[in-house]
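Quantities reported herein were computed from a predicted structural model and do not represent experimental measurements.
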Amino acid sequence: VQLVESGGGLVQAGGSLRLSCAASGNDVDDYDIAWFRQAPGKEREVVSCIASSGQTTYYADPVKGRFTIFKDNPKTTVYLQMNSLKSEDTAVYYCAADGFDPCGNSGWEVDGADYWGQGTRVTVSS
């Protein structure tokens, strides 16, 4: 499975960005997808995830009500719509995929993932 992120950039606080994660490879539709982020000097954290079916999603508390994760119809691209961005959202955002259905209502239920993208940088200026 290959994951390619895009959509990062520089935005003012209060603005919006949409990140994309294009997934390809065998049985890619069977993988749960998550967005992680890592800010300078901080540990990587899960931001949001979506189950392969698209029926289950999860949002970390800091982004609830501001970020939305969704898939396109062929389910090969996962998007993260980020609204009302804050300076604390500044980080490198990574797309990740895992085949063991780790996306649940309470979070990403494994440590890490099977596959990772290269990351896309988001910088929010205050």
What distance do [X] atom [atom1] and [Y] atom [atom2] have between them, rounded to the nearest 0.5 Å?
X     : Y      : atom1 : atom2 : result
Gln2  : Asn26  : CD    : CG    : 8.5 Å
Ser52 : Asp98  : OG    : CG    : 11.0 Å
Thr76 : Tyr31  : OG1   : OH    : 15.0 Å
Ser53 : Asp29  : OG    : CG    : 11.5 Å
Trp35 : Cys95  : CH2   : SG    : 5.0 Å
Asp32 : Trp108 : CG    : CH2   : 5.5 Å

Report whether [X] and [Y] are members of the same hydrophobic cluster (ILVMFWY, side-chain heavy atoms less than 4.5 Å apart, transitive linking).
X     : Y      : value
Val63 : Tyr79  : no
Val47 : Trp116 : no
Phe67 : Val46  : no
Val11 : Leu80  : yes

Looking only at non-hydrogen atoms, find the nearest pair between [X] and [Y] and report the distance.
X      : Y      : answer
Val110 : Pro102 : CG2-CB, 3.6 Å
Asn83  : Ser16  : OD1-OG, 2.9 Å
Ile50  : Phe70  : CD1-CA, 4.0 Å
Gly104 : Cys49  : N-SG, 4.4 Å
Gly8   : Thr120 : N-OG1, 3.1 Å
Pro62  : Arg37  : CB-NH2, 4.1 Å

### Task
Apply side chain to side chain contact (heavy atoms under 4.5 Å, CB included) to Ser87 and list each qualifying residue two or more places apart in sequence or on a separate chain.
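Only Ser126 meet the side chain to side chain contact (heavy atoms under 4.5 Å, CB included) criterion with Ser87.
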### Query
Taking side chain as C-beta onward, heavy atoms only, is Leu19 less than 4.5 Å from Met82?
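Heavy-atom side-chain distance check passes, below 4.5 Å.
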### Query
Looking at side-chain heavy atoms only, is the closest gap between Ile69 and Tyr58 below 4.5 Å?
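A side-chain contact is absent here, since even the closest heavy-atom pair is not under 4.5 Å.
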### Message
Determine whether a donor-acceptor pair (N or O, by modelled atom type, separation under 3.5 Å) exists between the side chain of Thr90 and the backbone of Val124.
### Response
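Yes, because the side chain of Thr90 sits within donor-acceptor range (under 3.5 Å) of the backbone of Val124.
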### Query
Judged by atom type as modelled, is there a donor-acceptor pair below 3.5 Å linking the side chain of Gln81 to the main-chain atoms of Arg18?
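No, Gln81 side chain to Arg18 backbone: no donor-acceptor pair under 3.5 Å.
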### Message
Quick test of your reading of the model: are Lys86 and Asp89 salt-bridged, counting only N-O distances below 4.0 Å?
### Response
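Here Lys86 does not pair with Asp89 in a salt bridge, since their nearest N and O are not under 4.0 Å apart.
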### Query
Tell me the salt bridge (Lys or Arg N to Asp or Glu O under 4.0 Å) pairs involving residues 108-119, sequence neighbours left out?
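Checked against salt bridge (Lys or Arg N to Asp or Glu O under 4.0 Å) - neighbours excluded - no pair reaches residues 108-119.
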### Arg121, CZ: over 12 other non-hydrogen atoms inside 6.0 angstrom
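No.
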### Task
Take atom CD of Gln118 as the centre, draw a 6.0 Å sphere, and report whether it contains more than 12 heavy atoms from other residues, nucleotides or ligands.
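Enclosed.
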### Message
Would you say the rings of Phe36 and Tyr94 are close, in the sense that their centroids are separated by under 6.0 Å?
### Response
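So the answer is no for these two rings.
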